[in-house]
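Single-structure report; data block below.
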Amino acid sequence: MIQRPRGTRDFGPAEMAKRRKVELAMREACSRFGFGEVVTPTFEHSELFTLRSGQSIVDEMYVFKDKGDREMALRPEITASVIRFYVNEMSTHPKPLKLYYVGNCFRYENPQSGRYREFFQIGAELIGSKNPETDAEVIALAVNCIRSAGLENFVVRVGHIGVLKSLVREQIEDEKAAADVLRMIDKEDWDALGDMFDARVLPRKLFDRITAIADIKGGIEELNNLEDSEATRHLRELFDVLRLYGIEDCQVDLGIVRGLDYYTGMVFEIDAPKLGAEKQVLGGGSYALSELFGGEPVFSTGFAIGIDRVALAIDAERKIEPKPALDAYVIPTKDDMRKYAFGMVARLRSQGLRADVDLMRRTMSKNLKYASSLGARFAVIVGKEEMAKRSVTLRDMTSGKQEVVLADNIASEICKRMG
RNA sequence: GCCGGGGUGGGGUAGUGGCAUCCUUGGGGACUGUGGAUCCCUUGACCCGGGUUCAAUUCCCGGUCCCGGCCCCA
C-alpha cells in the first residue's frame, strides 16, 4: 500500500465542509476590506525565497532541479511571491494596493500537533504605505478574519522592531554583532545575550535597557515608560486608529522581533491559547521587500494566517457545525417505481436542492437507514399510491413526521419546511 | 535536527512465544410500502525489514508512520 507522505493530510468531505466554512469566512472579511484575490505559482525559483529569508527557512525548503536544470522550490510562504508579482506587473497600480491570497505552503519540518509539511495559509498584503493607519487597517483585517472564522479566544500582540533595532544599531557598530544581538533578543535568550555582552565587553547598561524594553508587554500605556521616538509615536497612532475600528483588546509586546532581516517596523502576532505548543495562528508586520526583487522601494504591511491552526482552535472551542450534506433523498417503494424516483430527483436538483436517490436497489427500510446516515433533511418516498395522485410522501427525517404533497410542488414544499 | 509515548480488520477494542476476541461499519439476504427496526450470511487486521527461536503479532534491533514536547514558525 502506498502511504501518504509524512506531514501531509487527506481531507474527507466532512472535514472539507468545515475547512471551507472557515476559509470562506476569512475570504469574505478580506473582500469587505477591499482586498482582491491573487494566485501565484506553487513553486518559484528558489532564489526568490533565499533572497528574502535566512538560512533557517532555506534548510526546510523543498528544493528541486527541473528538467531545464533550474533550481526550484515549493513555496514555504506566499508573501515573497505576491511581492514578486507586484514588482513584475503591478508596480504602476494606484496605491495602496490591497491583495489577499489563499494557498498551500511547504516546509520540511518535523510534524506535530498543528504543524505539517504541507499547510494552508490565507494572507493579505497592503502595498504602498507605511503609515500608522495602514498598519491599523491590516491588523483590523487580521482580527476580522479570525473573528469571522468563529474563533473567540485569541490574543493580539503588537510590537515595533524599530525600538530595539535602532537602539542596537546605534550602540553596536559591528554589523554582525548587532545582528547576533537582535537574533538573541528574538529568541529571548537572555543568558546567551548576557554572555555575549561580557565576552565582547559591551556596556552592561545597554544590556539592561534591552531586556527592559523587550519585557514591555501589556496595554498601550506601557509605552509611557519609554522616551518618545518615531516608533512609539507610530504605535500610539496605530492604536488610536484601531480603537476607532472597534478593536480595543490588543496588547503591546516589544519583545516580538520576528523576521529580522526584512521586517522594518510594526510587527504583530495572534495566538490561540487553547492550541498549546503550536498556538500561533497568525504572524505579520510591515516590511520593505520590493527592492530585494529589483523594484522601487515600497513599504508594505501584511500577515499570514494558518488556516489549519485556526480550524483546530475553533474545534477546540466548540464543534464547527457542518451543514447537512443533503436536502432530500428519494426512495422508491418498489422496483417499478424507480423511474418515477429518477424523475423526482432530477426535478429537485434542477430546482437547486441537494438531492440524491437510491442507486443500490435497497429495500424501503434500508433506504431510510441510509438516508439517515447521509444526514438527509427529508426523505421523498415515491410509490404507487402517491403516483396515482401525482404526489409524493415527504418525510421529515428529524421529526419523523410525514405528509403527502403534490409532486409539482415538491421543491417549494421542501424549501418551505427548511425555513 | 533533538526528546518522549505509541502502531491488532474502514473505525473502536481484547489477547497471546504456537489456534487472534468482541463491537461497529461495509456488502448480500429474509421480512408483501415506513420495521431509520429485527434476524441470518459475508468481506476484512497483528506497520515494514532484519535478528533470536522448532515457532514471532508477541522478545531484541533498525526503519517508517501517528501522537505529543524542544527549536522555529502558520
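Note that the coordinates shown come from a computational prediction; the quantities given were computed from them, not determined experimentally. To find a chain, count down the sequence lines: A is the first, B the second, and so on, and within it residues start at 1.
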key: Expected output: side-chain A/Arg157 to main-chain A/Ile270 donor-acceptor under 3.5 Å   = no

ask   = Rounding to the closest angstrom, what is the interatomic distance between B/G11 and B/G50 at atom P?
value = 26 Å

query = Is it true that the NZ or CZ of A/Arg417 lies under 6.0 Å from the centre of A/Phe378's six-membered ring and within 45 degrees of the ring axis?
reply = no

task = Using heavy atoms to find the nearest nucleotide of RNA chain B for A/Asp308 and A/Gln112 separately, return the residue whose nucleotide is more 5′.
result = A/Gln112

query = Which part of the nucleic acid does A/Glu109 contact within heavy-atom distance under 4.0 Å: base, sugar-phosphate only, or nothing?
reply = base

request  = To the nearest Å, give me how far apart CG (A/Leu368) and P (B/G33) are.
outcome  = 13 Å

Side chains of A/Tyr329 and A/Val345 in contact at under 4.5 Å (non-hydrogen atoms) = no

request  = Taking atom C1' in both B/G68 and B/G44, compute the distance separating them and give it to the nearest angstrom.
outcome  = 31 Å

task = Enumerate the residue pairs fulfilling ring-ring contact (aromatic ring centres under 6.0 Å, His included) with a member in residues 387-419 of chain A, sequence neighbours excluded, ordered by first and then second residue.
result = none

message = Mind checking if A/Glu386 touches a base, just sugar-phosphate, or nothing, with heavy atoms under 4.0 Å?
response = base

inquiry  = Over all strands shown, is A/Gly123 touching base, sugar-phosphate only, or nothing at heavy-atom distances under 4.0 angstrom?
reply    = nothing

message = Any base atoms under 4.0 Å from A/Lys366, or only sugar-phosphate, or nothing? Heavy atoms, all strands.
response = base

request  = May I ask you to verify if any side-chain N or O of A/Arg115 is less than 4.0 angstrom from the OP1 or OP2 atom of B/A74?
outcome  = no

task = Kindly say if A/Gln280 contacts the phosphate of B/A74, meaning a side-chain N or O under 4.0 Å from OP1 or OP2.
result = yes

key: Carboxylate-amine/guanidinium contact A/Asp356 A/Arg349, below 4.0 Å   = yes

query = Should the pair A/Arg115-A/Asp308 be classified as a salt bridge under the 4.0 Å nitrogen-to-oxygen rule?
reply = no

task = Measure the distance from CZ on A/Arg117 to P on B/C67 and round it to the nearest whole Å.
result = 12 Å

task = Could you give the distance separating B/C65 and B/U25 at their C1' atoms, to the nearest angstrom?
result = 24 Å

query = With respect to the side chain of A/Lys369, which nucleotide from B/G36, B/U34, B/C72 is positioned closest?
reply = B/G36

message = Under 4.0 Å, counting only non-hydrogen atoms across every strand here, what does A/Gly7 touch: a base, just sugar-phosphate, or nothing?
response = sugar-phosphate

query = May A/Phe119 be described as stacking on the base of B/A74, applying a 5.5 Å centroid limit and a 30° limit on plane angle?
reply = yes

inquiry  = Any non-hydrogen side-chain atom of A/Leu235 less than 4.5 Å from a side-chain atom of A/Leu254?
reply    = yes

key: Distance in angstrom units between A/Ile146 CD1 and B/A74 P, rounded   = 13 Å

query = Should B/G1 form a Watson-Crick or G-U wobble pair with both distances under 3.5 Å, which nucleotide is its partner?
reply = B/C70

task = In whole angstrom, give me the gap between the C1' atoms of B/C48 and B/A30.
result = 44 Å

note = Taken to the nearest whole Å, CG/A/Asp10 to C1'/B/G10 is 14 Å

inquiry  = For a quick check of understanding: with a heavy-atom distance under 4.0 Å over all strands, which category does A/Ile307 fall into, base, sugar-phosphate or nothing?
reply    = nothing

inquiry  = Does a side-chain N or O of A/Gln3 approach OP1 or OP2 of B/C65 to a distance below 4.0 Å, or not?
reply    = no

key: Between B/C19 and B/A56 - C1' atom distance, rounded Å   = 15 Å

request  = Specify the separation, in whole Å, of atom CZ of A/Arg4 and atom P of B/C65.
outcome  = 11 Å

ask   = What integer distance in Å separates A/Arg6:CZ from B/G63:C1'?
value = 12 Å

query = Is any N or O donor-acceptor pair between the side chain of A/Glu269 and the base of B/A74 shorter than 3.5 Å?
reply = no

key: Residues from residues 389-402 of chain A lying under 4.0 Å of RNA chain B - heavy atoms   = A/Arg395, A/Asp396, A/Met397, A/Gly400, A/Gln402

message = Whole angstroms only, please: what is the OH-P distance between A/Tyr370 and B/G26?
response = 10 Å

key: Spacing of CZ belonging to A/Arg309 relative to CD belonging to A/Glu278, to within rounding of 0.5 Å   = 4.5 Å

ask   = In the strands shown, is B/C65 matched to any nucleotide by a Watson-Crick or G-U wobble pair with both distances under 3.5 Å, and which?
value = B/G6

ask   = Is the phosphate of B/C66, meaning OP1 or OP2, less than 4.0 Å from a side-chain N or O of A/Arg9?
value = no

query = Which part of the nucleic acid, if any, lies within contact of A/Asn110, taking any heavy atom under 4.0 Å across all strands shown: a base, the sugar-phosphate backbone alone, or nothing?
reply = base

ask   = Quantified in whole Å, what is the C1' atom distance between nucleotide B/U21 and nucleotide B/A45?
value = 12 Å

ask   = Which of the following nucleotides, B/G1, B/C71, B/A74, is nearest to the side chain of A/Tyr108?
value = B/G1

message = Counting only side-chain heavy atoms from C-beta out, which of B/G27, B/C72, B/G33 sits nearest to A/Arg362?
response = B/G27

query = What distance do A/Glu60 atom CD and A/Arg117 atom CZ have between them, rounded to the nearest 0.5 Å?
reply = 10.5 Å

inquiry  = For a quick check of understanding: with a heavy-atom distance under 4.0 Å over all strands, which category does A/Ser373 fall into, base, sugar-phosphate or nothing?
reply    = nothing

inquiry  = With salt bridge (Lys or Arg N to Asp or Glu O under 4.0 Å) as the criterion, how do A/Glu317 and A/Lys274 come out once you've worked through the C-alpha distance, each side chain's angles and the decisive distance to 0.1 Å?
reply    = CA-CA 8 Å; A/Glu317 282 182 353; A/Lys274 290 213 167 166; 5.3 Å; no

Donor-acceptor pair (no angle test) under 3.5 Å: A/Glu60 side chain, B/G1 base = no

key: B/C22 and B/G63, which share atom name P, separated by this distance in whole Å   = 37 Å

ask   = Per the atom types in the model, does the base of B/G35 pair as donor or acceptor with the side chain of A/Ser365 at under 3.5 Å?
value = no

key: Residues A/Arg19 and A/Glu15 bridged, charged N to O under 4.0 Å   = no

Closest nucleotide among B/G33, B/G68, B/C72 to the A/Ser113 side chain = B/G68

ask   = Over how many whole Å does the gap from A/Lys334 atom NZ to B/G33 atom P extend?
value = 4 Å

query = Which whole number of Å gives the distance between the C1' atom of B/C2 and that of B/A55?
reply = 39 Å

inquiry  = Classify A/Tyr116 by what it touches in the nucleic acid, base, sugar-phosphate, or nothing, heavy-atom distance under 4.0 Å.
reply    = base

